Structure formats: C-alpha cells, structure tokens
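Below: the structure, in structure tokens.
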2 protein chains.
Amino acid sequence: MIAKLQMQLNSALYLRDPQTSDLGQKIVKESIFLIDKIGFESFTFKKLSTQIGSTEASIYRYFENKHRLLVYLISWYWNYVEYRITFETHNISDPEEKLRIAIRLITNQLKDDDSFPGISESVLQQIVINESDKTYLTKNVDEINKEGVFRGYKSLCETIASYMIEINPDFEFPRSLTSTCLEAAHQQVFFAAHLPRLSDIKNAEDVHEQNYQYLSTIIFNSLKK
Amino acid sequence: MIAKLQMQLNSALYLRDPQTSDLGQKIVKESIFLIDKIGFESFTFKKLSTQIGSTEASIYRYFENKHRLLVYLISWYWNYVEYRITFETHNISDPEEKLRIAIRLITNQLKDDDSFPGISESVLQQIVINESDKTYLTKNVDEINKEGVFRGYKSLCETIASYMIEINPDFEFPRSLTSTCLEAAHQQVFFAAHLPRLSDIKNAEDVHEQNYQYLSTIIFNSLKK
DNA sequence: TCAAATATAATAGTAAAACTATCATAACGA
DNA sequence: TCGTTATGATAGTTTTACTATTATATTTGA
C-alpha cells in the first residue's frame, strides 16, 4: 500500500473524532473485538475501558453512548463497501457488470488488510451480520436519522439502485430491491449459521459464493424486462 | 364468531402459560401496548407491573425476562399468520394462487377483531415491524433455538417455500427467498416510514398494497423457469 | 367443608448498567 | 512558558434486571 487511507465519516457519528487520537483509535479497534466477543447487549463502556486501560468517562467524550458507537462502526463498514464498489467499478460502463461487482462485494467475506490500520474488517463484518439492524431498530430512529448518521447506508443503496435503473428503467422497485438485498446479504449468513431452516445456504459449503448466487438470481430475474 | 380461538404455542416460550390466568392475559395484552408505546429497549417489567397494577416478581413467574416475552409475542404473531394462510388456502390447489394469498397475508395491514380477545393484532403488527428481529439477533440465539422457540417462524417459512417448490421444483432458493421476503415485508414498511430513501414504497399511498406488488414482483420473477 | 396447594402481592435487597460531575495532571501548541 | 486541551482518577446517581422472603387470597380436591 502506497497511501494510508482514512474514512471520511459524518461528524454527527461521534462527539469527538476517534480517528484523531490514540485513545480514539483504541476505542474503535477494541470495541470491534469486544462487541463481537460478548454481543452488543452485554457490551458496556465500563468493560471496554477496562480492556483498553482507560476509564468510562474518557470513552463518553468520544461517543454519547454505546448505541452511537455501534452506529459509527456500522457506518464505517458501509462506507468501506461503497468505497470498494466505486473503486472496482471504475472505468466500467456496462451496468450489468457493475451490478455483478457490487453483489460480489456485498456478499464477499472480508479479509483483514492493512489499508485501514486499527480496523479488523473481518470482525467488523461479523458485527454487521449480528448487530447492524440494531442501529436503526430503535425508538429514536427519526431523531438520529435527521442528524445524518445513516447517510452512508443510503448512499450505498442509491449507488446500487442506480445500476438497476440503468439496466431496466421501467423496474419499479430499485431501492426496495437494493435494501432488501443488502439486508439479505447478512441475514442469510446469520440464518445459515443459526437458523438453517430459514435458508438454502449451507454452512458447510462456501457461504459467500452461495449467497452471491442467491442474490444474483433474484436481482437479475427481477430486473428482466 | 362462533368459536373462541386460542393459539397453541410452544411451552418453551413461557415459564407459566399466560393464557391460563387473568394476570397472564393482562401481561400479554398490556405488554403489547407498552412495548409499542415506549419501544422494547425502554420497556421494563417494572413499568409493565405498574401499568397493570401488579408487581415485577409476579411477571417474572410468567416470563424469564423481557426478551422471552418479546419472543412469545412475535411467535404468537407468526402462528397467527400461518393459521390465516392455512385457512385462506384451504381447498385451493393451484400453488400460484396459494402463494398469492400468502403474500397478501404477510403484507396485509391487520385489523383488530375479537377472535383472539386480549390481543390487539394491529398493535402487535407494529411490534413485529419495529422489534421482531431482536428476537433472534441475540448472543444466545443457538441456546433458545434449541428449545424450539422459533418453530412457528420456521414452519411458516416452510409452508410458503413449499408453494414455491410446487411452482418451480428447480428453483434453488425457496427458503431463502421466503425468509428474505418475510423480513422484507416488515422492513419495507419500516423504511417507508423512517428511512424513505431505502425504499420505493411511498408512505403517503397504500403502503400494504405497494408492498404486495413489490414482493409479488420479485417472487414470481424469481420463480420463472 | 376443610386442609392443602397454589397464585399473587408486598416488601426488600443486590449487582450491574448507564450515565454525570469534579478535580488533578499530563501533554501539546503558539 | 503559559494557556488550552486530553486523559485519568474518583465518586456519585438513577435505573435495570433480577432474587428472596413472607403474607394473604383463592382454588381444588379428598
């Protein structure tokens, strides 16, 4: 890697930008591991502070509460996915090919690399699978939505939906189909692992490849004229 | 209504069957209103007990904790939907028609009737929209799944998937498509209301009709041979 | 019908969660 | 070096999520 990358995130996502300090980066890095390990419900700032040798009060200076921290992490993830889609579809004009690349990227198993030091992409992806819906399934969704914390997810949805519209301008549900598939992309992995009767994806085989096949099938069939 | 109906639910869903006592029925009835009003996160047995003029300890005799109560309510809902599908598809042999009826029923706005006294179906449906995913998005999902608490949802999924298989035996993803659509059925209503850029469904118009059109489109297109 | 079983209520108590506040000190930047 | 800012240390509050005990009311069944 020649350039170190940094994600540009909406400032409504934090009280203090965690990317600008040592403690902030530690909070983000270790929260990913801790949430993955014990689950979001059991996760507390107290436990996190012990983990990183700091204090609760210090963490509260970065994030209003643990829910906001989760929203930050999930938002980081969707930003990352969109960044990769933009990168991989660069110079490609065929909308079908762009859509295939996007489906590949939203179903792909992430591997850790060092382009974003301090973030374990693979563990973060696990958090997306297990916890991401909790970012918006909350009583104050309208309030935090006004602040723009879901902008990254919406933008990704818009991008993918635009490929669908290019393929078939008459298709009536590009955004719905995109959000349904973005959700299904992690839902099906969850079901395969925990509630296998809700899915045809077999945990024993290559989950991500099957997921790609599944989503491609329903997307391209739905888009047929 | 000639007969009073009672839902037959898995006994793993409760410590003591709430349908067998006055207090139990009050717990179920009032919890629906309270969860809808303040959201599951803010909901506590303390608040519920105040509401119904009882005590925390008494409620704990019916449900291990508030999560189990939520699982009970959501399970009741899916059982109800499957009961209605079974009823409405009775004597119909055409799988396409059965599937259409099922899609209609999972996207339909429920109205309160008195066939199940003490349950407000319409408010319960709101809870499904806002909270149902929290039943399984929990660290102990495998543990509670072993007890069979998700049997109702799986059974519904199986039923609808079987219609798909009848229509096209070669379709590879009947269960996945069903679970994706069952989830999308409430997800899209949520998005229309709170995150409209993630959906093509317009909150100003008939949300349920649009949802039916959307799901029909992707399901029947996916099933085409 | 009376005794026994069972359900509910009343009360109390605990550990942890989810914060908020204050003050001292360390580091950093102009 | 002086002032600002970040962090740490400490303490305190309210609420949540329980558990335990005892008293009283109600049901049931012998």
Side-chain angles (χ1 to χ4, degrees), chain A residues 11 13-31 34-73 118 131 134-135 137-140 143-144, chain B residues 11 13-31 34-35 37-73 118 131 134-135 137-141 143-144:
Chain A
S11 66
L13 288 164
Y14 45 76
L15 293 174
R16 214 190 157 74
D17 187 349
Q19 290 179 312
T20 61
S21 77
D22 223 58
L23 179 62
Q25 287 172 278
K26 258 197 235 168
I27 290 170
V28 170
K29 179 179 183 165
E30 296 300 324
S31 67
L34 193 53
I35 291 172
D36 179 57
K37 188 176 168 195
I38 65 177
F40 183 65
E41 272 66 40
S42 303
F43 170 83
T44 70
F45 279 0
K46 183 106 232 267
K47 290 173 188 168
L48 178 60
S49 70
T50 310
Q51 188 93 352
I52 63 183
S54 180
T55 63
E56 258 182 297
S58 297
I59 298 173
Y60 274 106
R61 289 194 195 98
Y62 285 86
F63 295 100
E64 224 178 302
N65 52 53
K66 70 172 182 170
H67 182 256
R68 288 302 188 107
L69 171 54
L70 181 67
V71 175
Y72 177 90
L73 296 176
E131 323 283 2
K134 295 169 191 168
T135 55
L137 292 176
T138 173
K139 204 69 189 175
N140 67 348
E143 194 186 313
I144 65 175
Chain B
S11 66
L13 288 164
Y14 46 76
L15 293 174
R16 215 190 154 73
D17 188 348
Q19 291 178 312
T20 62
S21 78
D22 223 60
L23 179 62
Q25 286 172 278
K26 259 198 233 166
I27 290 170
V28 170
K29 179 180 184 163
E30 296 302 322
S31 67
L34 193 53
I35 291 173
K37 188 177 169 196
I38 65 178
F40 183 66
E41 272 66 41
S42 301
F43 171 82
T44 69
F45 279 179
K46 184 104 231 267
K47 290 173 188 167
L48 178 60
S49 70
T50 310
Q51 188 94 350
I52 63 183
S54 180
T55 64
E56 257 183 298
S58 297
I59 299 173
Y60 273 107
R61 286 194 202 95
Y62 285 87
F63 295 99
E64 224 178 301
N65 52 53
K66 69 171 184 172
H67 182 257
R68 288 302 189 108
L69 170 54
L70 180 67
V71 175
Y72 177 90
L73 296 175
E131 323 282 4
K134 295 169 191 168
T135 56
L137 291 176
T138 173
K139 204 70 189 175
N140 67 348
V141 58
E143 194 186 313
I144 65 175

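What you see is a predicted model; the values in this text were computed from it and never measured. All values below come from the heavy atoms of this structure, side chains included, with hydrogens, waters and symmetry mates left out.
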If you round to the nearest 0.5 Å, how far is [atom2] of [Y] from [atom1] of [X]?
X	Y	atom1	atom2	value
Ile59(B)	Asn65(B)	CD1	CG	12.5 Å
Ile27(B)	Leu34(B)	CD1	CG	12.5 Å
Ile35(A)	Glu30(A)	CD1	CD	11.5 Å

*Using the ring of each side chain (for Trp, its six-membered ring), is Phe40(B) parallel, tilted or perpendicular to Phe43(B), with breaks at 30° and 60°?*
parallel
*Report the distance from atom CG of Asp22(B) to atom P of dT6(C), rounded to the nearest whole Å.*
20 Å
*Rounded distance in Å - CD1 (Ile27(A)) to P (dT7(D))*: 8 Å
*Check the side chains of Ser31(B) and Tyr72(B) for a donor-acceptor pair under 3.5 angstrom, ignoring hydrogens and angles.*
no
*Residue-phosphate contact under 4.0 Å: Ser21(B) side-chain N/O, dT8(C) OP1/OP2*: yes
*Starting at the 5' end of nucleotides 8-28 of chain D, put B wherever the base has a protein heavy atom under 4.0 Å, S where only the sugar-phosphate does, and a dash everywhere else.*
B-------SBBBB--------
